[in-house]
Protein chains: 2
Amino acid sequence: MARKTNFADIAFRKHDHGRCQRQLLSEAKQLCETRKLRLTSRRRQVLEILLASHQPMGAYDILAELNRVNPSVIIAPPIVYRALEFLMSEGLIHRIESRNAFISCVHPGHQCAAQFLICRDCEQVAELEDSDPPLLVEANNLGFAVDHSVVEITGICAQCQKHAG
Amino acid sequence: MARKTNFADIAFRKHDHGRCQRQLLSEAKQLCETRKLRLTSRRRQVLEILLASHQPMGAYDILAELNRVNPSVIIAPPIVYRALEFLMSEGLIHRIESRNAFISCVHPGHQCAAQFLICRDCEQVAELEDSDPPLLVEANNLGFAVDHSVVEITGICAQCQKHAG
DNA sequence: CGCCATTGTGTTATATTATAACGTAACTGA
DNA sequence: TCAGTTACGTTATAATATAACACAATGGCG
């Protein structure tokens with residue numbers, strides 16, 4: 001019998017993380033080229049930080065990381081927020097509303113509604129690619145024109161439940 | 001042919017709002033009595049403000065309203081946040097994560113996952129009572145113990161689409 | 001190329017949202 | 001009525017986010 005898929009498997013999709021990062025960065029470059037958008041050095045830096053983390057990070061965490069890597073020129077919040085705005089608008093990252101945090105998208109460019117499982121113990125986040133939640137269908141039936149959906153489920157993953165005894 | 005239900009109908013559930021407020025406040029009192037909890041004057045004030053508004057309000061909006069009603073003693077943010085925390089813990093209000101705002105719950109005390117449609121034009125919010133989103137079921141299958149779910153769909157309601165031409 | 005329009009970056013200041021910490025008051029139960 | 005607990009009030013500050021403006025880089029186009 002196949003082992004049951006667990007939260008960590010989903011969160012990290014059983015992958016070689018270094019390879020995954022490079023893959024996603026490359027997809028991002030491709031996507032920006034196709035769309036005639038500029039993935040500037042700043043934007044790439046911010047994306048890389050999020051890709052490397054693969055966990056949600058606050059804007060100020062990203063800022064701190066930028067300033068840690070290059071302490072010679074201290075940069076300010078708007079720089080990070082602007083890069084985040086760009087990356088979000090292109091679907092390269094997501095905002096986790098319930099955490100005021102940002103995370104790289106695991107299937108950049110796709111338009112389907114992102115849905116997250118968030119473990120509040122280990123802080124891992126799984127982005128699921130399920131079909132749109134039925135609520136979206138219902139919304140459309142009401143004549144409601146959806147532009148954005150936020151689906152964030154918080155709890156404790158199986159792994160952490162075990163550790164807690 | 002029956003008229004199609006629209007967003008506003010859902011948002012306000014075709015009700016007499018004054019009556020609705022009193023009803024919900026009364027339910028809240030009942031609920032606190034049953035649970036041996038203190039719906040203190042402060043907590044009731046905050047709940048009443050949210051009930052009267054029936055739309056999402058920021059913590060500082062609520063604070064301003066409290067201070068407007070009684071300008072003789074200026075109160076500070078923690079007072080509001082503590083009342084909000086209590087009301088949320090008892091399911092009397094919800095937090096709209098994508099707005100940093102709070103809204104009174106239309107079916108207080110029920111434990112089912114709240115789901116919101118938010119019109120970003122008229123700012124009306126419809127709280128839906130649908131069955132749990134399938135993602136919750138999936139989460140459980142992964143052994144993920146859900147404690148909280150956030151489902152917030154933003155867009156433009158039918159009414160506002162018409163007005164926009 | 002040289003110009004201009006547009007887009008992106010950098011900087012300063014400040015707005016908005018939220019909480020820590022600590023003392024006092026009010027309530028509750030014995 | 002006293003002790004324990006819960007709630008309130010106050011001050012200060014943390015954490016998150018944006019406005020506004022100047023300058024730089026880019027990219028089309030003559």
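Basis for what follows: all heavy atoms, side chains included, without hydrogens, waters or symmetry-related copies. Chain letters run A, B, ... following the sequence lines, proteins first, then strands; residues in each count from 1.
- In terms of position along DNA chain D, the nucleotide closest to A83(B) lies nearer the 5' end than the nucleotide closest to the other residue of the pair Y60(B) and A83(B).
- The pair E27(B)-K29(B) does not count as a salt bridge, with every side-chain nitrogen at least 4.0 angstrom from each carboxylate oxygen.
- Q115(B) contributes atom CD, which lies 10.0 Å from atom CG of L136(A) (distance to the nearest 0.5 angstrom).
- In this structure Q30(A) satisfies the side chain to side chain donor-acceptor pair (under 3.5 Å) test with no other residue, sequence neighbours excluded.
- Residue Q161(A) comes nearest to A145(B) through the heavy atom pair NE2-N, 3.3 Å, listed as atom of the first residue, atom of the second, then distance.
- Straight-line distance from the CD atom of E85(B) to the P atom of dC8(D): 11 Å, rounded to whole Å.
- Nucleic acid contact for R95(B): sugar-phosphate only, since backbone atoms but no base atoms lie under 4.0 Å from a heavy atom of the residue.
- No side-chain donor-acceptor contact under 3.5 Å links N141(A) to the backbone of E138(A).
- The aromatic rings of Y60(A) and Y81(A) lie perpendicular to each other, with more than 60° between the two planes, well past the 30° mark.
- Atom NZ of K36(B) is separated from atom C1' of dT5(D) by 17 Å (rounded to the nearest Å).
- Side chain to side chain, E152(A) and H148(B) fail the donor-acceptor criterion of an N or O pair below 3.5 Å.
- Remark: R82(B) does not engage E85(B) in a salt bridge, criterion side-chain N to carboxylate O under 4.0 Å.
- Closest of all the heavy-atom pairs between N67(A) and V73(A) is OD1-O, 3.7 Å.
- Ranked by how close their nearest DNA chain D nucleotide is to the 5' end, P78(A) and D61(A) are led by D61(A).
- Atom-to-atom, CZ of R43(A) to P of dA25(D) comes out at 15 Å; the value is rounded to the nearest Å.
- Atom OH of Y81(A) is separated from atom P of dA17(D) by 4 Å (rounded to the nearest Å).
- If you check residues 65-77 of chain A against DNA chain C, the residues with a heavy atom closer than 4.0 Å are I74(A), A76(A), listed by number.
- Taking atom CG on L63(A) and atom C1' on dT18(D), their separation rounds to 14 Å, with Å as the unit.
- When DNA chain C is scanned 5' to 3' for any atom under 4.0 Å from a heavy atom of chain A, the first and last hits are dG8(C) to dT12(C).
- Note on R38(A): every side-chain N or O is 4.0 Å or more away from OP1 and OP2 of dA25(D).
- The phosphate of dC8(D) (OP1 or OP2) has a side-chain N or O of T40(B) nearer than 4.0 angstrom.
- At a threshold of 4.0 angstrom between heavy atoms, the contacts of R82(B) include nucleobase atoms, whether or not backbone atoms are also involved.
- Rounding to whole angstrom units, CD1 of residue I62(A) and P of dA17(D) are separated by 10 Å.
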